[in-house]
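Working notes, beginning with the structure itself.
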Amino acid sequence: MDRLEHARREKLRRWREEFGFEPYGRRVDGLVALAEARAMLDAAAHEAYNESKSAAKDDPSAKIVDRRPRAKVAGRCVQHRPMGKLVFLRLRDHSGDLQISISKSDVEGQMFTLAKKLDYGDIVVAEGPVGMTQKGEVCIWADRLELHCKSLAPPPEKYHGLTDPELRYRHRYVDMYASPETIRVFQLRSELVARMRRFMETWGYLEVETPMMQPIAGGAAARPFVTHHNALDIDLYLRVAPELYLKRLLVGGLPRVYEINRCFRNEGIDRTHNPEFTTLEAYEAFGDCWSMLDLTEALLHELALSVSEADRPIVPYGELEIDYSRPFDRVRYDELFSRTLGFQMTDFAKVRAKAGELTIKDADKLDDWLLVNEVYEHFCEPTLDPSRPTFVTDYPSAVSPLTRPQQDRPELCERWELLAAGTELGTAYTELNDPDVQRAKFTEQLGGADEEVQTFRSLDEDFLNALRVGMPPAGGLGLGVDRMIMLMTNCSSIRDVILFPLLRPH
RNA sequence: GGUCGCGUAGCUCAGUCGGUAGAGCAACCGCCUUUUAAGCGGUAGGUCCUGGGUUCGAGUCCCAGCGCGAUCACCA
């Protein structure tokens, strides 16, 4: 390790002491991206220059004509091939790669020495005419080359980059320059999130920011992270959901609000779960779960079209081709249940028997409907076609404490979940806005909670007060942004779409 | 948390039956003005994840731990 860094530090010293320039550079104006420089190629000018040059060889008095456009670029050196008195470099930036050639006859001696001794990972600025090589590769024939940052770290393998996932996540900044597909995933993520925001704005939604630190962890059943405020001497919880605050905004009079931001859940980590993750939550006064369904379908359809290479909303995901054509598939919860298992979900005796096949903690203490949901998730959800986004509708009220029950069948409620590629992408409700019913549901839920849960989830009296003031009927939506990005970028792990996923510190 | 797999040079990877630690890239020295994973000649580089154990002898077998991955559980 030391010997590799030592070689680089020795060059650093030499550039400073013998060559008298600062290897950590300074401001540079007039740079163009590498892709832009590549696009500046003028094939005719390149031809004319070559002809003029060979004419000058035959007749030394002839003047060389060079109409090739000039470009000034910066990039990280990712290939270095010194060939005697000619050096080929490949630079990389956010837009792609571009080759630079430095001929000893075209630059000052000091610059040529720099070119010869450059290392993989160094950041340089090069300037010169945009032309081609004999093999037809676009190339800047540099007449200036400056070092603007000396990299001291040993680089990863030139062709494979980093393959160990742990190294890729821990040294994301190396992974990003060594593997262009990594940086592309995050560029695409950024574009897609920007598109989501434009979409929501077009649909009349106002973007808001609600507390990340909450005195009561509400809006979802997950275990929260705890932190402490010293001056107030109170424990606070990192939010598990923004839901209860967004609803307060409907009470306050905003008709359509949304938030794209982080939630934190103190649960296990796997391919589809990171402790902090991004959600899009939206609330629409006088909407319901069906208006949210339209919005969700339209949003995913648009995102899929924007990443699809064809003009159809079909996006590859692993072995699958996921088709986001509207309408998405729909199936009622009870229908999927009886279709898969051959009996009604209200046949609780059979549900209990079926649940016996699963390893469920304290199954005999659980409410019938909770068992229904356990059985449903285990046996029914996996039967859905993973290549079609599917809305499962009409969930049991018992597993949906914030949702309005259906008028004619109160054991069911107005709620759907969206599944694709075998994972849950989101859920939407027709929100409960009767304060008395809400209080009863909260109280019932807390009654079943164990001691640990009660430390972080107490009755949110302020939220109930907001409902007492009066919230319009509404539709509410929550979508997992990271999971949507996974689907749109064909990444099988949530860690591949989060820049710095949580890892256990060394 | 359970089960399975992986951990060898800076990086990517071999390492057979338990018998002297290997290659490519990267690095260093030399040659080379059109390379495309450039080439040629030479040099150097190791806590085989950590700690125990078995053995005359352990990268290799056993146990424990750490980290990562897969899967299950958990996560309405």
When rounded to the nearest Å, what value does the distance between P atoms of A27(B) and C68(B) take?
31 Å

Can you name the residues that form a ring-ring contact (aromatic ring centres under 6.0 Å, His included) with F348(A), not counting sequence neighbours?
W369(A)

Is it the case that R248(A) and T210(A) place a side-chain donor and acceptor less than 3.5 Å from each other?
no

Go through C68(B), C11(B), U71(B) for me and flag the one nearest to the L167(A) side chain.
C11(B)

Once ring-ring contact (aromatic ring centres under 6.0 Å, His included) is applied, what residue pairs with a partner in residues 112-171 of chain A remain, sequence neighbours excluded?
H171(A)-Y173(A)

Side chains of C263(A) and V240(A): closer than 4.5 Å at any heavy-atom pair?
no

Specify the residues of residues 424-441 of chain A, ordered by number, for which at least one heavy atom lies under 4.0 angstrom from an atom of RNA chain B.
none

Using atom P of each nucleotide, how far apart are G45(B) and G22(B) to the nearest Å?
13 Å

The correct set of residues in residues 258-267 of chain A placing a heavy atom under 4.0 Å from RNA chain B is E267(A)

Distance check needed: A76(B) P versus R223(A) CZ, whole Å only.
10 Å

Ignoring hydrogens and geometry beyond distance, is the side chain of Q99(A) in donor-acceptor contact with the base of U35(B) at under 3.5 Å?
yes

Using purine N1 to pyrimidine N3 plus N6-O4 or O6-N4 for Watson-Crick, or N1-O2 and O6-N3 for G-U wobble, each under 3.5 Å, what pairs with U35(B)?
none

Does R262(A) CZ have over 12 foreign heavy atoms under 6.0 Å away?
no

Contacts of type ring-ring contact (aromatic ring centres under 6.0 Å, His included), residue Y258(A), not counting sequence neighbours
none

Integer angstrom distance from the C1' of C49(B) to that of A9(B)
15 Å

Re G45(B): Watson-Crick or G-U wobble partner, both distances kept under 3.5 Å, found to be none

Where the side chain of R271(A) is concerned, which of A70(B), C75(B), C68(B) is the nearest nucleotide?
A70(B)

Apply side chain to side chain contact (heavy atoms under 4.5 Å, CB included) to E181(A) and list each qualifying residue two or more places apart in sequence or on a separate chain.
S179(A)

So ring-ring contact (aromatic ring centres under 6.0 Å, His included) across residues 409-433 of chain A, not counting sequence neighbours, yields F391(A)-W416(A)

Pairing nucleotide - U12(B), Watson-Crick or G-U, each distance under 3.5 Å:
A23(B)

Go through the structure and list residues passing salt bridge (Lys or Arg N to Asp or Glu O under 4.0 Å) with R409(A), not counting sequence neighbours.
D334(A), E411(A)

With sequence neighbours excluded, residues passing side chain to side chain donor-acceptor pair (under 3.5 Å) with R168(A)
D175(A)

Please list, for nucleotides 23-27 of chain B, all pairs of protein and nucleotide N/O atoms separated by less than 3.5 Å.
| unit_1 | atom_1 | unit_2 | atom_2 | d |
| --- | --- | --- | --- | --- |
| G24(B) | N2 | E157(A) | OE2 | 3.3 |
| A26(B) | OP1 | K158(A) | NZ | 2.8 |

Among all residues two or more places apart in sequence or in another chain, which pass the ring-ring contact (aromatic ring centres under 6.0 Å, His included) test with F19(A)?
W15(A)

For Y395(A) together with Y333(A), are the ring centres under 6.0 Å from each other?
yes

Mind checking the P distance from C6(B) to G52(B)? Whole angstroms is fine.
23 Å

Under 3.5 Å, side chain of E281(A) to main-chain N/O of G476(A), donor-acceptor pair present?
no

Under 3.5 Å, N/O pairs linking protein and nucleotides 30-34 of chain B:
| unit_1 | atom_1 | unit_2 | atom_2 | d |
| --- | --- | --- | --- | --- |
| C32(B) | N3 | G84(A) | N | 3.3 |
| U33(B) | OP2 | K85(A) | N | 2.8 |
| U33(B) | N3 | S103(A) | OG | 3.3 |
| U34(B) | O2' | Q134(A) | OE1 | 2.2 |
| U34(B) | O2 | Q134(A) | N | 2.9 |

